[in-house]
Amino acid sequence: MDDAAAPLRAAMVRELRDLDGITSEPVAAAVGTVPRHLFAIGEPLEKVYAPDTPLVIKRNDDGLALSSLSAAHIQAVMLEQAGVEPGMRVLEVGSGGYNAALLAELAGASGEVTTVDIDPDIVARARTCLDEAGYERVRVVRADAEHGVPDGAPYDRIIVTAGAFDIPPAWLDQLAGRGRIVVPLRWRGVTRSIAFDRDGDGGALASSSYRLCGFVPMQGIGAHRELVVPIEDGLFLRVDDRSRHFDTGALAAAARTRPLEAWSGAAYDLPDELELFLLTSTPRAAMLHAGRELIDQGRFDASAGRGVPALVRDGGFAYRIRRVNEATGGFESGVLAHGPQAETIAEEYCDLLRRWATGFRRRGAARIRYIPAALAAAGGAQDLASVKPHGTVTVSWA
């Protein structure tokens, strides 16, 4: 079968270069070498080698994905973020087999790759697929990743391939002094793949890069259920901070009012960067989600269908929309605001849109820090910090 797969694999590498998923020769060589189809048994080759197609490996009884072979694009992005070099010790959290094989190619014969998963079925499958593909040297461990794998530490790189709500202390303890951790971290209702390096000797981490991503959530001790605040049928807020209080009765009444439309005069593009800025620049932000029925009825804009940053205050809320405007480079950002203070909320939101467009409209403008709980307590609380069980996430913009 590899005779048929080889040209598809080469084409995938070319596509990933065009998409800026692959930006280095070592990652290109790894992706061009590992037979991805051996880790996607029974799937059509065209689907296996499509750069943006994830493949579900296991579902629960309700049909929800428990494990997946991530899209090749995000795998390549995270490998570039990690910067794995020959001879490194690497820990992968979340086993599928394929990504561990890519890491083995990057670490080389002198390196060591350990991959860990809590699910015995996934561990057995990863072991079988790795052996079939010729990567017997990759160590596959069944364990709760909350504790890492101490007997292989310290690791030069830790790459997490499951959605994480926090960074367990064990990962930091097992990370080498000059190590890097790449983790799909979820906070304020969104997920970003963040490459963290140590920030001095105090134990904090600082981002060297971050990218949009989505992953199956972590299982085991590190599993976390986000807080969903229902407003009415088909309309809800998704938040992290359980200490926040929302007057859902007032918000439901506001949702039934005719929205105020306001336009910022600011350019709209790079939606993932704008989304991150809006969610981390005010403590009153939350992700608003509206169901298809409410959108089809014309009560909410389509932007709320997959989740949109909302400003929630004074018994009302506002969220971002856009319209075509050549004067702002193609699209202009705007706001729909509901509630008795709609005009005030809309103006505050428009100010945020203008701030982003004039000061931070580019890739990588945010600096994300993770501060372990002991350090965060010593440093005092911050209004815009996202406090988690093991530490605190802060974001600054420059």
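Residue numbers run from 1 in the order of the sequence given.
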Exercise for review: With salt bridge (Lys or Arg N to Asp or Glu O under 4.0 Å) as the test, would you mind laying out the steps for D240 and R188 before giving the verdict?
Suggested key: CA-CA 5 Å; D240 289 342; R188 291 189 171 267; over 6 Å; no
**Study point:** Verify same cluster id: I159, F215 (apolar side-chain graph, 4.5 Å)
**Key:** yes
Review point. Any idea how F331 and Y268 line up, ring-wise: parallel (<30°), tilted (30 to 60°), or perpendicular (>60°)?
Key: perpendicular
Practice item. Decide yes or no on ring-ring contact (aromatic ring centres under 6.0 Å, His included) for H37 and Y98, but give the supporting numbers first. Key: CA-CA 9 Å; H37 59 280; Y98 174 67; 9.9 Å; no
Review point. Does the side chain of R139 reach to within under 4.5 Å of the side chain of T115, using non-hydrogen atoms?
Key: no
Point to revise | Under 3.5 Å donor-acceptor, Y319 side chain and D301 backbone | key: yes
**Study point:** T191 side chain to G214 backbone, donor-acceptor under 3.5 Å
**Key:** no
Point to revise | R313 bridged to E348 by N-O distance under 4.0 Å | key: yes
Check your understanding: Quick one: CD1 on I158 to CZ on R89, what's the gap to the nearest 0.5 Å?
Key -> 12.5 Å
Review point. Going only through I, L, V, M, F, W and Y residues with side-chain contacts under 4.5 Å, is there a path from L279 to L336?
Key: no
Review point. If Ile, Leu, Val, Met, Phe, Trp and Tyr residues are connected whenever their side-chain heavy atoms lie under 4.5 Å apart, and connections chain through other members, are L227 and F236 in the same group?
Key: no
**Study point:** Heavy-atom check, side chain of V182 versus side chain of V160, under 4.5 Å
**Key:** no
**Study point:** Side-chain heavy-atom pair V90, L106 within 4.5 angstrom cut-off
**Key:** no
**Study point:** Nearest-0.5 Å distance, CZ of residue F196 to CG of residue L172
**Key:** 10.0 Å
Check your understanding: Of R211, R363, R306, which is the lone residue that meets salt bridge (charged side-chain N to carboxylate O under 4.0 Å, His left out) with D272?
Key -> R363
**Study point:** Pair E332-N325, side-chain donor/acceptor within less than 3.5 Å
**Key:** yes
Review point. In the single-linkage hydrophobic clustering (I, L, V, M, F, W, Y; side-chain heavy atoms under 4.5 Å), do I321 and L270 co-cluster?
Key: no
Exercise for review: Assess whether atom CZ of R17 is packed by more than 12 heavy atoms of other residues, nucleotides or ligands within 6.0 Å.
Suggested key: yes
Point to revise | Carboxylate-amine/guanidinium contact R142 D117, below 4.0 Å | key: no
Check your understanding: So, for H289 and F300, is the gap between ring centers shorter than 6.0 Å?
Key -> no
Practice item. Specify whether F277 and W397 have parallel, tilted or perpendicular ring planes, treating 30° as the upper limit for parallel and 60° as the lower limit for perpendicular. Key: perpendicular
Review point. How about R225: does its CZ atom have over 12 heavy atoms from other parts shown lying under 6.0 Å from it?
Key: no
Check your understanding: L311 versus L278: any side-chain heavy-atom pair under 4.5 Å?
Key -> no
Point to revise | Atom CD of E132: over 12 foreign heavy atoms under 6.0 Å | key: no
Review point. Below 4.5 Å, heavy atoms only, C-beta onward: do Q75 and L69 meet side chain to side chain?
Key: yes
Practice item. Verify whether one side chain among Q219 and D119 offers a donor that lies under 3.5 Å from an acceptor in the other. Key: no
Practice item. May I ask you to test the E92-V116 pair for a side-chain heavy-atom distance under 4.5 Å? Key: no
Review point. Between the side chains of S24 and E80, does any donor sit under 3.5 Å from an acceptor?
Key: yes
Practice item. Give a yes or no on this: more than 12 heavy atoms of other residues, nucleotides or ligands lie within 6.0 Å of atom CG of D296. Key: yes
Exercise for review: Kindly check if the number of other-residue, nucleotide or ligand heavy atoms within 6.0 Å of CD (E343) is above 12?
Suggested key: no
Practice item. Show your working on side chain to side chain donor-acceptor pair (under 3.5 Å) between Q174 and H147 and close with a plain yes or no. Key: CA-CA 9 Å; Q174 294 169 28; H147 307 300; over 6 Å; no
Review point. Is the shortest heavy-atom distance from the side chain of V239 to the side chain of M287 under 4.5 Å?
Key: no
Review point. Do E136 and R127 sit within salt-bridge range, that is, some charged N less than 4.0 Å from a carboxylate O?
Key: no
**Study point:** CA sep, side-chain torsions, deciding dist, call: D199, R369, salt bridge (Lys or Arg N to Asp or Glu O under 4.0 Å)
**Key:** CA-CA 8 Å; D199 189 15; R369 297 184 74 234; 2.9 Å; yes
Check your understanding: Side chains of S209 and Q81: is there a donor and an acceptor less than 3.5 Å apart?
Key -> yes
Review point. Should V77 and I194 be counted in the same cluster of Ile, Leu, Val, Met, Phe, Trp and Tyr side chains packed under 4.5 Å apart?
Key: no
Check your understanding: Are Y370 and S207 side-chain neighbours, meaning at least one heavy-atom pair lies under 4.5 Å?
Key -> no
Review point. R320 side chain to A310 main-chain N or O, any donor-acceptor pair under 3.5 Å?
Key: no
Review point. Under 3.5 Å, is there a donor-acceptor pair linking the side chains of Y210 and E273?
Key: yes
Point to revise | Straight-line distance of T53 OG1 to E46 CD, nearest 0.5 Å | key: 11.5 Å
Review point. Is R125 reaching over with its side chain to a backbone N or O of F39, donor-acceptor style, under 3.5 angstrom?
Key: yes
